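Heads up: numbering here begins at 1 and tracks the sequence. All figures in this text were calculated on a predicted structure; none of them were measured in a lab.
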Amino acid sequence: MEAPHHQHPAPAPQTPHGDVRASETPAHGGTRQEVAVTVPTAEGMRALGVRLAGLLRAGDLVMLTGELGAGKTTLTRGLGEGLGVRGAVTSPTFVIARVHPSLADGPPLVHVDAYRLGGGLEEMEDLDLDVSLPESVVVVEWGEGKVEELTEDRLQVLISRTIGAEAGAAGAAGAAGAAGAAGDKASAAGDGAEDVRIVTLVGVGERWAGENLASSV
């Protein structure tokens, strides 16, 4: 994790949700806040999503990055639960995007799976994400390098397995490769499997400068 040269923040104290590490560092021309948390189980990943939902509001873009089966959809399921939206949150691989309306007065959740989209934002124009974003919370799996142009403010969520879980992850990755079809990617790799993840939250832009990401993890 990169920290400013002029400041060496001490690690945040242990919490019931896992080991938390936080730092703040300027991004290119903007503000950047970074927090990392250890998530030991799939239930912990879902619960993290519920807590993160408390920070989200209409106009927020959340980008989820992680290997096959890392837990991106599990986290999104928690976001949907925390936002109080309608419908089961599942991987939208075949429909690319799915809208979950709010059951209360909150923003709808737009859940996008960009796994099969190889290009930049121009390949996603038919999804009208630029139209949906101001009034929705837009969560994009596999969105890195594809949706950053939507807004200067975004919450990037990077999910990785810990070194101690790499042996098990290798087997899961092999199963995913054998499955082949993109639609089978989550189940074949064991999305949300019970092994430890490191989740790094990176708040980019002025929108996230005033938020305390560490408080949500």
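Although no hydrogens or angles enter the test, the distance criterion places a donor-acceptor pair under 3.5 Å between the side chain of Ser102 and the main chain of Ala104. Of the possible donor and acceptor atoms, none in the side chain of Lys72 sits under 3.5 Å from a partner among the backbone N and O of Thr65. Looking at Arg77, its side chain does come within 3.5 Å of a backbone N or O of Val89 through a donor-acceptor pair. The closest donor-acceptor contact from the side chain of Gln33 to the backbone of Leu213 lies under 3.5 Å.
In terms of the side chain to side chain donor-acceptor pair (under 3.5 Å) criterion, residue partners of Glu81 (sequence neighbours excluded) are, by chain and number, Arg46. Applying the side chain to side chain donor-acceptor pair (under 3.5 Å) rule to Arg154 yields no partners; only residues at least two apart in sequence or on another chain are considered. By the side chain to side chain donor-acceptor pair (under 3.5 Å) test, Asp153 pairs with no residue at all, sequence neighbours left out. Val85 pairs by the side chain to side chain contact (heavy atoms under 4.5 Å, CB included) definition with Leu83, His100, Leu109, not counting sequence neighbours.
Between atom OG1 of residue Thr74 and atom CG of residue Leu48 there is a gap of 11.5 Å, rounded to the nearest 0.5 Å. The OG1 atom of Thr90 sits 4.0 Å away from atom CZ of Arg98, with the distance rounded to the nearest 0.5 Å. Remark: Trp208 CH2 to Leu55 CG distance equals 5.5 Å, nearest 0.5 Å. Note that OG1 of Thr38 and CD1 of Ile198 are 3.5 Å apart. Values are rounded to the nearest 0.5 Å. To the nearest 0.5 Å, atoms CG (Leu52) and CG (Leu75) are separated by 6.0 Å. A distance of 9.0 Å separates OG in Ser216 from CG in Leu56, rounded to the nearest 0.5 Å.
Of all non-hydrogen atoms in Arg161 and Gly69, the two that sit nearest each other are NH2-O, 3.3 Å.
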Margin query: Checking Val157 against Thr200 for the side chain to side chain contact (heavy atoms under 4.5 Å, CB included) test, could you report, in this order, the C-alpha distance in whole Å, the side-chain angles of both residues, the deciding distance, and whether it holds?
Written below: CA-CA 6 Å; Val157 182; Thr200 303; over 6 Å; no
Notebook entry, point to check: Going through the checks in order, is the side chain to side chain contact (heavy atoms under 4.5 Å, CB included) test met by Leu155 and Glu211?
Noted result: CA-CA 11 Å; Leu155 179 62; Glu211 293 286 1; over 6 Å; no
Notebook entry, point to check: What do the steps show when you test Leu201 against Val199 for side chain to side chain contact (heavy atoms under 4.5 Å, CB included), and what is the final call?
Noted result: CA-CA 6 Å; Leu201 308 174; Val199 179; 3.9 Å; yes
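Counted by atom type alone, Glu141 and Thr73 present one or more donor-acceptor pairs between their side chains at under 3.5 Å.
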